[in-house]
Amino acid sequence: MTTLGLVALVGMGMGLGLVLTGVGLSRPSLRLADALASLDGVESSLDYRDRGSSDTPPGLEGLGAALQRRLRLPVTENQQRLLLLQSRSVGDFFAEKLVWTTAGVLMPTLWGVLQFMLGQPVTLLPLGISLLGGITGYFIADWRLAHDAGSARQAATHSIHTFFDLVALERLAGASAAQAVASAASVSEAPLFRRIAAGLERARLEQGPPWDELARIGRDWQLPELVDFADVMRLEEQGAALADALQARVRELRSSHLSRQQAEAQEATEGLTIWMTVPALLLGLAFVIPPLLRLSSG
């Protein structure tokens with residue numbers, strides 16, 4: 001490698017380091033609406049559809065949100081639901097897409113520039129790899145979002161069961177149904193708890209029953225347990241004894257969740273058993289193949 005090529009390589013490395021440092025230091029500032037809501041003890045809704053266009057955050061997240069709006073890039077309902085589960089905004093999602101796409105486009109291009117500066121012949125191969133890398137980078141964010149959906153959904157399920165236990169304890173302490181739900185939602189900073197707290201605050205401002213809002217959150221997050229919980233809490237309007245009914249429903253939901261986890265663990269164990277048989281098969285073939293070769297040669 002010539003001195004010019006070595007200098008060019010070091011310069012590109014330093015430039016990439018400066019870009020990454022700038023991206024790392026650019027943190028989105030806190031929105032005034034979120035700050036005031038946090039001081040009031042209420043978290044704003046995580047649903048990006050409830051946010052106005054004037055609430056676009058600055059920085060890379062704001063750039064991703066502006067890019068999505070200007071180019072009308074599609075966001076499916078399933079992606080919206082997964083973003084809610086992971087407490088992410090659409091701007092953050094498309095900012096990740098932008099980073100991966102840019103990396104996929106620039107890396108082969110830098111390779112082609114380096115080959116040119118080293119005096120080697122440049123072909124159209126880096127251009128084709130750059131286009132392929134850009135397309136691949138655009139969909140890496142989708143794959144990462146779907147890959148993290150399992151852990152996010154499991155965390156949401158654990159959160160909802162903890163929420164049920166807290167509501168049951170508040171009811172046993174003599175709190176009303178609405179007070180028990182609001183008190184339980186304010187205990188944790190988990191995404192689901194914040195979303196429930198925001199929904200309860202919205203129902204309070206609209207002077208409506210909170211159970212419709214809880215049912216809507218359960219449908220948005222695909223948590224049928226929360227929808228059933230809202231149906232149980234509606235029984236207070238008919239004067240039913242909620243404490244016993246709520247405890248029975250919580251036990252039923254917990255038993256159902258435990259059964260699903262046991263089935264998933266059993267399925268994972270069976271999958272590992274299949275892979276454990278592969279070394280035994282290879283060892284058996286190692287003992288069988290040599291005699292067969294000698295017989296065939298004789």
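- Put simply, the side chain of Q68 gets close to the backbone of L73: a donor and an acceptor are under 3.5 Å apart.
- Between A190 and S159 the shortest heavy-atom distance is CB-OG, 4.2 Å.
- Of the possible donor and acceptor atoms, none in the side chain of R88 sits under 3.5 Å from a partner among the backbone N and O of L83.
- Separation of atoms CG (L145) and CD (Q79) is listed at 6.5 Å; rounding is to 0.5 Å.
- Between the side chain of E225 and the backbone N or O of H161, no donor-acceptor pair lies under 3.5 Å.
- Cluster membership for F93 and V99, using ILVMFWY side-chain heavy atoms within less than 4.5 angstrom, is shared.
- Looking at heavy atoms from C-beta onward, V167 lies in side-chain contact with F229 at the 4.5 angstrom threshold.
- Note: F163 and F193 have perpendicular aromatic rings, judged against thresholds of 30 and 60 degrees for the angle between ring planes.
- A distance of 9.5 Å separates CG of L292 from CG of L285, quoted to the nearest 0.5 Å.
- Among all heavy-atom pairs drawn from P209 and A203, the shortest one is O-CB, 4.1 Å.
- In terms of heavy atoms, V105 sits closest to S130 at O-OG, 2.7 Å.
- Between W221 and L226, every side-chain heavy-atom pair lies at or beyond the 4.5 Å cut-off.
- Atoms CG and NE2, on L82 and H147 in that order, are 13.0 Å from each other to the nearest 0.5 Å.
- Under the 3.5 Å distance criterion, the side-chain polar atoms of S183 are left unmatched by any main-chain donor or acceptor of A180.
- Closest approach of D142 and Y138 over heavy atoms only: OD1-O, 3.3 Å.
- Taken to the nearest 0.5 Å, the CG atom of L214 stands 12.5 Å off from the CG atom of D228.
- Taking hydrophobic clusters as Ile, Leu, Val, Met, Phe, Trp and Tyr residues chained together by side-chain heavy-atom distances below 4.5 Å, I196 does not share a cluster with L205.
- Side-chain heavy-atom separations under 4.5 angstrom define the hydrophobic clusters, and the remaining members of the one that includes F287 are L283.
- The shortest distance between side-chain heavy atoms of T162 and V187 does not fall below 4.5 Å.
- The shortest non-hydrogen separation linking L98 to T102 is O-OG1, 2.7 Å.
- At least one donor-acceptor pair closer than 3.5 Å links the side chain of Q80 to the backbone N or O of V75.
- The two atoms that bring G199 and E213 nearest to each other are O-CG, 3.2 Å, heavy atoms only.
- Atom CG of D92 is separated from atom CD of Q86 by 9.5 Å, given to the nearest 0.5 angstrom.
- Rounded to the nearest 0.5 angstrom, L166 CG and S186 OG are separated by 9.5 Å.
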- Stepwise, does the salt bridge (Lys or Arg N to Asp or Glu O under 4.0 Å) test hold for D212 with R216? CA-CA 6 Å; D212 295 338; R216 188 177 76 88; over 6 Å; no
- Under the side-chain contact (heavy atoms from CB on, under 4.5 Å) criterion, do R204 and L200 qualify, and how do the steps go? CA-CA 6 Å; R204 185 185 67 82; L200 294 176; over 6 Å; no
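- For the pair L67/F94, no side-chain contact is recorded, criterion being any heavy-atom separation below 4.5 Å from C-beta on.
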